[in-house]
Amino acid sequence: MHSHISSTHKSYLDILRIIASFFVCYNHAYGYHLFLDQAADGSLLSWMNVCLSSPVAINVPLFFMISGALLLNKTECYPSLLRRLWRMVVLITAASVVTYILVPVEQPSLPHFLSLFFSGTVNGSHWYLFAYVSFLLLLPFLRPAVQKMTGTDLLYLVVLRTVFRPGLAILNFWLEHWGYAAIRLSVNLQFPLSMLDCFFCPIAGYWLAHKLCIERISRKQLSGWVCVLLGGCLIASLMTYAEGYYDTFTQNYIGEFGYSSAMAVFVLIRYFTEKVSISPKTAA
């Protein structure tokens, strides 16, 4: 029974990895950028280009959620954590060195490389690796915190993020459109556990993987998760199209609900994977 549950657990995480990898690839494909090079003329094609790009935003949140599901449930000593960190440092360094060698630089030098390396600008695509290191560095403090976390605690983080990220961004868009000043929050008002993907998404992934009882999810709750997924993509698409209609298309709003859509995908894939894998006879 234990091995069956373990294989089921692994299988849905593998499916999530495939989904996240697909959207990472699509994010760098020509099709994703089609909406940026078009006019908001109201045509079906222009709407499709925007709507097909909005689900891409779940890619990185899904990867972070998978990391949280796997790592926040472990008991790990500091030497083991340092070895994990060391492997990431070696990976980032190797990737940065290769990029620095391949990309032409006017006056290459070790000080110049180190300056770019520590600022994370050798290659902009390496930002995810640096963010992942931030998560690893705080693992010893996140683990005991999330193990006592309730569903209400996660909902609190979700509400904070929704209000102060997409909520505030959408409000400011319409305020400025109507001729009012945008609301600018103090830089000292910060809550990284909710606002930063490298902390929020692993926390959410841990809770959805280990605290959420899939067997108790009703059809109504499952429909709610579908609405979260579709609603996030729809609002992101509408805001992106509104910006394109009144100004020019950007990626400012296309990813604002990536965190909520990723949570919905996580739950839906886990639900259907476990429902299919665990037959009544096996479960008994």
Side-chain angles (χ1 to χ4, degrees), residues 9-38 45-71 88 91 95 120 123-135 158 161-162 165-166 169 195-209 222 225-241 243-244 249-273:
H9 178 77
K10 181 180 178 181
S11 64
Y12 86 80
L13 292 180
D14 288 339
I15 294 173
L16 289 171
R17 285 192 187 95
I18 293 171
I19 294 173
S21 299
F22 169 78
F23 282 118
V24 166
C25 293
Y26 185 69
N27 185 52
H28 295 88
Y30 177 71
Y32 170 77
H33 300 279
L34 286 175
F35 78 95
L36 295 172
D37 302 323
Q38 68 183 7
L45 181 61
S46 65
W47 276 105
M48 286 181 58
N49 288 336
V50 173
C51 292
L52 289 175
S53 296
S54 60
V56 169
I58 71 173
N59 53 10
V60 171
L62 271 182
F63 277 124
F64 276 128
M65 290 174 69
I66 294 169
S67 296
L70 294 173
L71 295 181
M88 285 302 303
L91 175 62
N123 186 327
S125 299
H126 294 166
W127 71 267
Y128 174 81
L129 299 177
F130 284 93
Y132 186 70
V133 168
S134 299
F135 164 62
V158 170
R161 181 170 182 128
T162 303
R165 275 283 293 273
M195 301 295 279
L196 297 182
D197 280 348
C198 62
F199 298 130
F200 171 82
C201 292
I203 291 173
Y206 167 83
W207 195 89
L208 295 176
L222 197 66
W225 282 109
V226 173
C227 290
V228 169
L229 171 60
L230 298 179
C233 292
L234 178 61
I235 297 174
S237 298
L238 290 174
M239 286 304 304
T240 299
Y241 207 88
E243 186 182 37
F249 280 107
T250 71
Q251 301 183 62
N252 291 340
Y253 302 96
I254 203 75
E256 284 292 346
F257 289 93
Y259 68 98
S260 59
S261 296
M263 290 174 65
V265 169
F266 194 102
V267 172
L268 292 172
I269 294 299
R270 184 187 167 200
Y271 178 87
F272 287 109
T273 301

**Q.** side-chain contact (heavy atoms from CB on, under 4.5 Å) assessment of I19 paired with I58
**A.** CA-CA 9 Å; I19 294 173; I58 71 173; 4.1 Å; yes
Within this structure, what is the [atom1]-[atom2] distance for the pair [X] and [Y], rounded to the nearest 0.5 Å?
{"X": "I235", "Y": "L230", "atom1": "CD1", "atom2": "CG", "result": "11.0 Å"}
{"X": "F266", "Y": "L268", "atom1": "CZ", "atom2": "CG", "result": "11.5 Å"}
{"X": "C51", "Y": "L234", "atom1": "SG", "atom2": "CG", "result": "7.0 Å"}
{"X": "S21", "Y": "F23", "atom1": "OG", "atom2": "CZ", "result": "11.0 Å"}
{"X": "F135", "Y": "F200", "atom1": "CZ", "atom2": "CZ", "result": "13.5 Å"}
{"X": "I15", "Y": "I66", "atom1": "CD1", "atom2": "CD1", "result": "10.5 Å"}

Looking at every non-hydrogen atom in both residues, tell me the closest pair between [X] and [Y] and how far apart they are.
{"X": "Y132", "Y": "S67", "answer": "CE1-OG, 3.4 Å"}
{"X": "V50", "Y": "I254", "answer": "O-CD1, 3.9 Å"}
{"X": "S261", "Y": "L229", "answer": "OG-O, 3.6 Å"}
{"X": "F35", "Y": "S53", "answer": "CD2-OG, 3.5 Å"}
{"X": "T240", "Y": "T250", "answer": "CG2-O, 3.9 Å"}
{"X": "C201", "Y": "M65", "answer": "O-CG, 3.1 Å"}

Q) Do Y12 and F272 have their ring centres less than 6.0 Å from each other? A)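 No: the rings miss the under 6.0 Å criterion.
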Q.
Under 6.0 Å between ring centres: does that hold for Y241 and F249?
A.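 For Y241 and F249, the ring centres are under 6.0 Å apart.
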For [Y], is there any backbone N or O sitting under 3.5 Å from a side-chain donor or acceptor partner on [X]?
{"X": "D37", "Y": "L34", "value": "no"}
{"X": "R165", "Y": "E256", "value": "no"}
{"X": "T273", "Y": "R270", "value": "no"}

Are [X] and [Y] close enough that some pair of their side-chain heavy atoms sits under 4.5 Å apart?
{"X": "N252", "Y": "M239", "value": "no"}
{"X": "V228", "Y": "M263", "value": "no"}
{"X": "W47", "Y": "L52", "value": "no"}
{"X": "F199", "Y": "S134", "value": "yes"}
{"X": "I269", "Y": "L13", "value": "no"}

Q.
Set out, in order, the CA-CA distance, both residues' side-chain angles and the distance that settles side-chain hydrogen bond (donor to acceptor under 3.5 Å, both in side chains) for S54 and S237, then state yes or no.
A. CA-CA 6 Å; S54 60; S237 298; 3.2 Å; yes
**Q.** Stepwise side-chain contact (heavy atoms from CB on, under 4.5 Å) test for F63 and L16
**A.** CA-CA 8 Å; F63 277 124; L16 289 171; over 6 Å; no
Q.
Using the rule given for ring-ring contact (aromatic ring centres under 6.0 Å, His included), can you reason through F64 versus Y128, listing the C-alpha separation, both sets of side-chain angles and the distance that settles it, and then say yes or no?
A. CA-CA 10 Å; F64 276 128; Y128 174 81; 4.8 Å; yes
**Q.** cation_pi(R161, Y259) dist<6.0 Å, angle<=45
**A.**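 Yes, a cation-pi geometry holds between R161 and Y259.
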Q: Evaluate the criterion side-chain contact (heavy atoms from CB on, under 4.5 Å) for residue pair W127 and V60; output intermediate values, then yes/no.
A: CA-CA 11 Å; W127 71 267; V60 171; 3.6 Å; yes
